[in-house]
Protein chains: 2
Amino acid sequence: MRRGTMNKIESGIGINRRYLHDEVADRIRELIRSGEMEPKARINEGELTERFGISRTPLREAIKILATEGLLELLPNRGARVASISEIELEEMMEVIAGLEATAGDLACRTIGDAEIDAITTDHAAMVAAWKAGDEAGYFGRNRRIHEAIMAASRNTVLANLYASLSGRIQRSRYSAHQTPDQWARAVAEHERMIELLRARDGGSLAILMREHIRGKKSVIAAHYGPAEAV
Amino acid sequence: MRRGTMNKIESGIGINRRYLHDEVADRIRELIRSGEMEPKARINEGELTERFGISRTPLREAIKILATEGLLELLPNRGARVASISEIELEEMMEVIAGLEATAGDLACRTIGDAEIDAITTDHAAMVAAWKAGDEAGYFGRNRRIHEAIMAASRNTVLANLYASLSGRIQRSRYSAHQTPDQWARAVAEHERMIELLRARDGGSLAILMREHIRGKKSVIAAHYGPAEAV
DNA sequence: TGGCTGAATTTTGAATACACTTCCCTCAAG
DNA sequence: CTTGAGGGAAGTGTATTCAAAATTCAGCCA
């Protein structure tokens with residue numbers, strides 16, 4: 001198939017047609033996120049070009065993008081593979097994420113509106129309800145919404161983009177961890193304190209709390225791991 | 001010239017030969033850093049391939065990498081150009097950098113050795129001397145060394161890489177700003193307090209101080225800008 | 001049987017070719 | 001004089017081709 005001869009309508013994307021390499025990068029991201037491509041899995045260019053119906057050029061450009069993002073790693077003369085995250089790297093990433101969330105909390109206090117805080121409060125209640133109902137997916141989803149709401153309230157797109165990128169890389173680890181009742185109680189209490197500090201617009205204290213809050217999650221995830229296991 | 005037929009020795013890189021696209025990305029980074037390619041300058045692929053003696057394939061891969069890093073921006077069907085940083089984006093980036101440095105300070109207190117703190121103290125003295133001697137380049141260089149030493153002491157490569165990437169993007173702004181004597185006195189005092197907190201291994205307080213310290217620089221840079229100017 | 005060697009095959013890295021899109025210049029109509 | 005249609009020229013996006021490296025595997029030898 002000669003892909004280059006297709007026009008916008010035939011390509012099935014319509015007027016909002018983006019770069020082919022961007023679409024390919026998205027599809028590979030989704031393959032990784034969904035687990036269809038596991039860590040350390042080698043990228044076979046021939047296989048993927050056939051699967052996506054494209055040539056190697058945009059695929060290879062997508063691979064470079066994903067490697068820059070840290071989702072793939074390049075092996076000279078042997079292509080690329082899905083990046084695996086060592087326990088050490090996971091801990092490092094969690095510390096950075098903790099720092100980004102602390103920054104978000106600090107900044108959010110400058111401009112967040114009462115309506116946004118109310119929305120977070122509602123989400124928090126729903127999160128607690130989901131936990132009590134044993135709805136783990138609902139619990140994680142609400143929890144993520146709360147953190148993303150604070151990130152959005154920081155009104156800092158650079159920060160939000162970095163956060164999204166790092167979060168995406170550890171997503172499979174972060175949301176596969178289970179908490180003990182003690183850990184859960186602490187997390188809930190911290191969320192409630194976060195809401196208080198938001199209402200008080202106390203950015204400095206919120207930054208400290210958020211860093212500690214994420215560190216609490218870090219130890220949950222680390223405990224969930226074997227000593228030398230990689231994701 | 002058929003580049004593909006050259007061997008490692010002819011290419012002039014020797015045994016540590018990396019990807020061509022990596023070398024190209026480095027060279028373009030250097031062109032941007034040095035100011036030879038100014039913000040908003042369009043990338044002409046033909047011109048650069050001729051200049052570097054390569055084909056368009058690795059150049060375009062390098063462009064994708066640099067765009068992912070934020071150094072270039074892609075214009076559909078019109079190639080790429082050197083990214084310009086709006087004043088808003090610069091402030092956002094400074095806040096993120098402040099957060100990263102705060103995180104570095106916090107983490108550094110866990111593992112930094114006395115010898116490292118001594119080295120920072122020496123650099124600080126040299127920085128003050130450079131300032132008094134009117135040696136602006138020496139001043140900025142020593143200042144940067146101090147911050148990089150704290151970053152290194154964090155023992156967190158993810159953090160250090162993110163910091164390096166963001167710093168690289170704003171370098172031209174950051175080190176072109178001039179400080180008033182008042183601002184300088186404050187910066188020096190903060191550096192001295194930073195060293196004290198390092199010696200006391202007080203990560204929490206150091207994190208707060210570093211965030212404020214970078215914010216102080218932010219206002220210096222912002223003041224150095226015109227209202228709607230872009231870098 | 002088991003491991004080594006080297007030629008065929010596969011796969012990757014880079015160059016080239018082709019197909020659009022955009023840009024730019026000219027020139028004529030208003 | 002302005003303006004806008006149109007026709008290259010230039011430039012970008014994608015596909016294909018070529019070359020080198022890695023991998024595979026049959027055949028050989030101990």
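So that the names make sense, note that chain A is the first sequence line, chain B the second, and so on, each numbered from 1.
For A:E45, whose side chain is taken as the heavy atoms from C-beta onward, the closest listed nucleotide among C:dA15, C:dA17, C:dT12 is C:dT12. Side-chain proximity of B:Y19 to D:dT16, C:dG13, D:dT12: nearest is C:dG13. For A:H21, whose side chain is taken as the heavy atoms from C-beta onward, the closest listed nucleotide among D:dT14, D:dG13, C:dA15 is D:dT14.
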Hey, mind stepping through A:E69 and A:R169 against salt bridge (Lys or Arg N to Asp or Glu O under 4.0 Å) and telling me if it holds?
CA-CA 9 Å; A:E69 291 175 356; A:R169 283 175 63 189; over 6 Å; no
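Between A:T57 and D:dT14 there is no side-chain N or O to OP1 or OP2 distance below 4.0 Å. Within the structure, a side-chain polar atom (N or O) of A:R78 is placed less than 4.0 Å from OP1 or OP2 of D:dT23. The shortest distance between the side-chain N/O atoms of B:R60 and the OP1/OP2 oxygens of D:dT12 is not below 4.0 Å. Side-chain N/O atoms of A:N44 include one lying less than 4.0 angstrom from OP1 or OP2 on C:dT11.
Following rounding to the nearest Å, B:R42 (CZ) and D:dT12 (P) show an atom-to-atom distance of 6 Å. Distance, A:E47 CD to C:dT10 C1': 14 Å, rounded to whole Å. For A:L59 and C:dT12, the CG to C1' distance is 12 Å, given to the nearest whole Å. Rounded to whole Å, atom C1' of D:dG13 lies 13 Å from atom CD of A:E23. Going from atom NZ of B:K64 over to atom P of D:dT12 covers 10 Å, rounded to whole Å. Rounded to whole Å, the distance from CG on A:N77 to P on C:dT12 is 10 Å. Rounded to whole Å, atom P of C:dT12 lies 8 Å from atom CD1 of A:I63. As a whole-Å value, the separation of B:D22 CG from C:dG13 P is 11 Å.
Counting any heavy atom pair closer than 4.0 Å across all strands shown, A:I43 reaches sugar-phosphate atoms only and no base atom.
Atom-to-atom distance recorded for B:R110:CZ and B:L107:CG is 5.5 Å, nearest 0.5 angstrom. Atom CD1 of residue B:I150 and atom OG1 of residue B:T103 lie 12.5 Å apart, to the nearest 0.5 angstrom. A:E95 contributes atom CD, which lies 11.0 Å from atom CG of A:L100 (distance to the nearest 0.5 angstrom). Between A:I85 atom CD1 and A:E91 atom CD the span is 12.5 Å, to the nearest 0.5 Å. Taking CZ of A:R27 as the start and CD1 of A:I32 as the end, the distance is 13.5 Å to the nearest 0.5 Å.
When the C1' atoms of four end pairs are superposed on the next four at each end of the helix from C:dT1-D:dA30 to C:dG30-D:dC1, using five pairs per end, the two resulting axes differ in direction by 10°, to 10°.
Qualifying salt bridge (Lys or Arg N to Asp or Glu O under 4.0 Å) partners for B:E45, counting only residues two or more places apart in sequence or in other chains: B:R56, B:R60.
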